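Following: one structure in structure tokens, then a few remarks.
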Amino acid sequence: MTNDRGLSPLGPDSPYSNASIYADAEAVPRIVRRLRDTLGLKGSGAELTMGPVRVEGEPNDYATGRHAHPSDFLQWPTVLEREASARTPAEVVQAVTAVLEALWRGGFKAVATCGFEDELPAHGGIDRYPRPAPVLEGARSLRARARGGRT
């Protein structure tokens, strides 16, 4: 895979060749500025470079414009796309981990989607936001009776 940073040993079919990090925050500049400050990076604009990894923040085209449950993170308003010219998968994992942890420390909800989520903290963040258990019809009736018959 070739990018504007040079040749990468991570081929296009490598699970480490790309990753997206979804953040539940509207302002891309605010997220990028927070990352830049937290990680001690220089520069400006919506792009960050961390060693062999470049991260670009942009509005998520699939955002619904409403507050989405964390399990619906694909609808969160901001996505950070990652491109690597890393020499090893470990460098990619380290860089994505640093971005996730910086976002979490900054109070942002964030989840990474990639082919190496199991190598990231909290499986890329999804373990931080457990999906609510489905309510079974029988349980709904029991709760209604407990509330005095209201459904």
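In this text the structure is predicted, and so the values were computed from the model without any measurement.
Considering only heavy atoms from C-beta on, I21 stays 4.5 Å or farther from V79 through its side chain. Here the side chains of F73 and I126 are in contact, with some heavy-atom distance below 4.5 Å. Using a 4.5 Å cut-off on side-chain heavy atoms (C-beta onward), Y22 and P77 make no contact. In this structure, T88 and Y16 have side chains that are not in contact, with every pair of non-hydrogen atoms separated by 4.5 Å or more. R54 has its side chain out of reach of R82: every pair of non-hydrogen atoms, C-beta onward, lies at least 4.5 Å apart. Put simply, the side chain of N18 does not reach to within 4.5 Å of the side chain of C114, judged on heavy atoms. Contact annotation: the side chain of L35 approaches that of L80 to within less than 4.5 Å [non-hydrogen atoms, C-beta and beyond]. Proximity of L41 to M50: side-chain heavy atoms (C-beta onward) are separated by under 4.5 Å at one or more points.
Enclosure of atom CD in Q94 is not indicated, since only 12 or fewer non-hydrogen atoms of other residues, nucleotides or ligands lie within 6.0 angstrom.
Considering all non-hydrogen atoms of both residues, P121 and E101 come closest at CG-OE2, 3.7 Å. Heavy atoms only, all atoms of each residue included: P59 and V28 are closest at N-CG2, 3.7 Å. For L39 against A98, the heavy-atom pair with the smallest separation is CD2-O, 3.9 Å.
From R36, atom CZ reaches atom CD of E47 across 9.0 Å, with rounding to the nearest 0.5 Å. Atom-to-atom distance recorded for L48:CG and K42:NZ is 13.5 Å, nearest 0.5 angstrom. To the nearest 0.5 Å, atoms CD (E117) and CD (E119) are separated by 10.5 Å.
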### Task
Could you give me the CA-CA distance, side-chain angles and deciding distance for F108 and D24, then say whether side chain to side chain contact (heavy atoms under 4.5 Å, CB included) is met?
CA-CA 7 Å; F108 296 104; D24 193 9; over 6 Å; no
### Worked verdict on I31 versus T78 for side chain to side chain contact (heavy atoms under 4.5 Å, CB included)
CA-CA 9 Å; I31 291 172; T78 299; 3.7 Å; yes
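Ring orientation note: the planes of W76 and Y129 are nearly perpendicular, at an angle over 60° on the 30°/60° scale.
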